[in-house]
Peer 1: 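Got a structure for you, questions after.
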Number of protein chains: 2
Amino acid sequence: MPQPPQSYRELETLITAEYATLSKRLQQTARFVLDHPQEVALATVAKIAEQADVTPSTLIRLANSLGFKGFSEMQQLFRSRLVDELPNYTERIRAVRSATGETPDSTQLLWEFADANRAVLEQLPSRIDPESLEKALDIFEKAHAIHVMGARRSFMVASYMTYALAHVDKPALLVNGLGGMYGEQLRAMSQHDALLTISFSPYAEESQKACEDAHQRGLPSVVITDSNLSPLARFADVVFVVNEAEVKSFRSLTASLCLTQTLAIALGVRQDKKRKA
Amino acid sequence: MPQPPQSYRELETLITAEYATLSKRLQQTARFVLDHPQEVALATVAKIAEQADVTPSTLIRLANSLGFKGFSEMQQLFRSRLVDELPNYTERIRAVRSATGETPDSTQLLWEFADANRAVLEQLPSRIDPESLEKALDIFEKAHAIHVMGARRSFMVASYMTYALAHVDKPALLVNGLGGMYGEQLRAMSQHDALLTISFSPYAEESQKACEDAHQRGLPSVVITDSNLSPLARFADVVFVVNEAEVKSFRSLTASLCLTQTLAIALGVRQDKKRKA
DNA sequence: GTATAAATGGAATATTTATTCCAATCAACT
DNA sequence: AGTTGATTGGAATAAATATTCCATTTATAC
């Protein structure tokens with residue numbers, strides 16, 4: 001291997017090509033460096049090795065087996081990539097936009113979506129009331145099981161929440177309406193459970209119904225929606241209002257997802273603490 | 001000078017403010033570091049000193065006189081600037097974090113998630129190859145119907161994509177494995193269809209199988225995954241590698257969602273154009 | 001199963017890089 | 001011009017970081 005790559009892109013290609021011929025540890029390492037180029041660019045061998053869960057020697061060996069004289073030489077390529085790619089974000093959007101004129105070509109769309117979602121995420125945490133967060137977590141913690149309801153566009157968020165809750169060992173049930181059994185699934189909620197409903201305009205009939213149902217039966221209920229005036233708001237014990245991004249009249253769900261993810265993991269953290277105590 | 005700046009922006013302000021009070025050599029050095037932040041982030045003291053036409057000691061002295069313990073500490077700020085473009089934001093996170101007792105853990109988590117996802121979205125568009133985007137759209141446009149496959153964590157993305165495609169009038173089928181019928185659903189793909197698979201480590205068996213299946217039957221196939229070395233990559237006609245955010249070992253799906261959303265809507269735009277023509 | 005080669009981890013070492021310190025220089029004031 | 005105090009350069013030292021080497025483990029072939 002006398003000819004080391006001269007650019008990051010060449011390096012990427014080389015690693016992909018040679019991957020199969022590498023040993024187990026070297027594969028693990030190769031994979032890590034490709035997946036965390038930023039880390040590799042700036043950290044020390046020891047730090048990177050620790051994060052990749054290998055020994056420093058292995059990193060050196062990887063560099064050597066790719067034709068470099070040592071790790072430092074390889075690191076240079078990762079650094080050059082950082083510098084080359086350093087984008088002034090808004091400038092690049094403008095560049096993409098003007099280069100394509102009026103036509104909404106796919107790359108420009110991608111920039112716009114990414115930017116819109118990014119902006120939404122920037123605002124989200126300061127717009128969520130910390131007390132509401134804690135209150136919602138109280139409800140979830142006390143509940144035996146959490147039923148999660150979301151129809152149409154919101155279904156995805158509900159399904160993700162159910163998945164995440166399961167991963168922090170919280171019994172969670174997705175109200176999916178399979179076989180037209182929304183009613184049956186809702187009736188299955190016990191007095192010790194809680195309901196989380198995600199619903200955006202135009203608020204699906206089923207979601208409203210679920211929320212009202214829980215309210216009448218005295219079940220604790222948390223709602224994620226898009227306005228304080230949402231029909232679901234008045235039935236809930238805790239309401240989260242999230243502002244979603246919109247591009248070309250397509251609304252995204254990034255903020256809601258970020259919030260549900262936080263709820264799930266914060267719940268996990270709480271449960272952990274409680275168990276230890 | 002007991003309080004060193006915590007972010008690049010703060011540093012910038014401090015240097016500007018203190019500039020007049022600095023000695024001649026220190027002014028020269030300060031000017032250089034502000035004008036060549038990239039250089040300062042990556043080079044060694046000796047190299048920077050040479051370029052700035054001062055001695056290494058001077059650089060150390062500058063760092064010290066700005067409140068840093070040493071040059072390395074100051075360099076960290078230049079590096080962080082290289083990595084994330086919005087020092088304002090990370091500064092706010094640090095503020096939330098350091099306000100001990102006042103802020104509940106859940107709020108801090110929310111800030112961290114929002115930030116991690118934001119950072120990912122910032123990088124996404126420049127890491128997605130425009131050609132791949134166009135190629136994927138070609139495939140989708142030609143396909144009679146698009147089958148969307150995603151298991152476990154990726155299920156949500158698949159389900160969203162199916163929803164979005166339906167909304168741009170593209171026939172889409174979610175391979176959901178309901179009733180254990182993955183095999184049956186996959187066999188139902190016709191020669192004129194296409195497959196979109198979303199899969200992340202640890203790659204679900206079913207997703208790998210779906211992808212391989214399509215490959216063997218000669219169906220066009222697009223994959224969204226987390227590494228060039230993903231087992232699904234070699235079976236696909238187009239591969240999108242997305243870097244997802246990770247907080248407390250919980251991975252998010254923001255980037256994948258943003259990409260799928262873009263694909264769906266870009267497809268919608270294309271179809272619109274074609275219809276008009 | 002045993003022998004042989006390849007791969008691995010980790011401590012020892014070499015190298016690079018940052019920092020300190022002091023003598024020399026420069027500037028300000030008497 | 002001479003004295004004092006701050007500033008500067010550069011060599012000496014300390015710290016950090018990368019690399020090498022070898023004993024041990026793991027895989028491979030017989």
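So you know, we letter chains A, B, ... as the sequences are listed, proteins then strands, and number each from 1.
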Peer 1: When the distance from CD1 of B:Ile48 to C1' of C:dT19 is rounded to whole Å, what number comes out?
Peer 2: 14 Å
Peer 1: Determine the contact category for A:Ser72: base if any of its heavy atoms lies under 4.0 Å from a base atom, sugar-phosphate if only primed atoms, P, OP1 or OP2 are that close, otherwise nothing.
Peer 2: sugar-phosphate
Peer 1: Whole angstrom is fine here: how far is it from CE in B:Met74 over to P in C:dT19?
Peer 2: 10 Å
Peer 1: Looking just at side-chain N and O atoms, do B:Gln51 and B:Glu39 make a donor-acceptor pair shorter than 3.5 Å?
Peer 2: yes
Peer 1: Pairing donors with acceptors under 3.5 angstrom, does anything connect the side chains of A:Arg31 and A:Gln28?
Peer 2: no
Peer 1: Could you tell me whether the side chain of B:Arg61 has a donor or acceptor atom within less than 3.5 Å of a complementary atom in the base of D:dG9?
Peer 2: yes
Peer 1: Tell me: CG of A:Leu42 to P of D:dA16, nearest whole Å?
Peer 2: 19 Å
Peer 1: Test salt bridge (Lys or Arg N to Asp or Glu O under 4.0 Å) on B:Glu244 and B:Arg153 and set out the steps.
Peer 2: CA-CA 12 Å; B:Glu244 286 292 359; B:Arg153 203 158 60 87; over 6 Å; no
Peer 1: Using a heavy-atom cut-off of under 4.0 Å over every strand shown, decide if A:Ser23 touches base, sugar-phosphate, or nothing.
Peer 2: sugar-phosphate
Peer 1: Could you give the CG-to-C1' distance, from B:Leu62 to D:dG9, as a whole number of Å?
Peer 2: 16 Å
Peer 1: Could you pick out which residue, A:Ala43 or B:Pro56, lies toward the 5' side of DNA chain D when each is mapped onto its nearest nucleotide?
Peer 2: B:Pro56
Peer 1: Which nucleotide in the list D:dT19, C:dT20, C:dA18 gets nearest to the side chain of B:Asn64?
Peer 2: C:dT20
Peer 1: Please state how far atom CD in B:Gln27 lies from atom P in C:dA27, giving the value in whole angstrom units.
Peer 2: 14 Å
Peer 1: Rounded to whole Å, how long is the line connecting atom CG of B:Leu59 with atom P of D:dG10?
Peer 2: 14 Å
Peer 1: How about A:Phe78 and A:Tyr8: are their ring centres within less than 6.0 Å of each other?
Peer 2: yes
Peer 1: Please tell me which of the listed nucleotides, D:dG9, C:dG9, C:dT19, lies nearest to the side chain of B:Thr55?
Peer 2: D:dG9
Peer 1: Could you tell me whether the side chains of A:Ser159 and A:Thr162 share a donor-acceptor contact shorter than 3.5 Å?
Peer 2: no
Peer 1: If each of B:Thr44 and A:Leu26 is mapped to the nucleotide of DNA chain C with the nearest heavy atom, which maps nearer the 5' terminus, i.e. the 5' end?
Peer 2: A:Leu26
Peer 1: From CD of B:Gln28 over to C1' of D:dG9, roughly how many Å is that when rounded to an integer?
Peer 2: 13 Å
Peer 1: Over how many whole Å does the gap from B:Lys47 atom NZ to C:dT16 atom C1' extend?
Peer 2: 10 Å
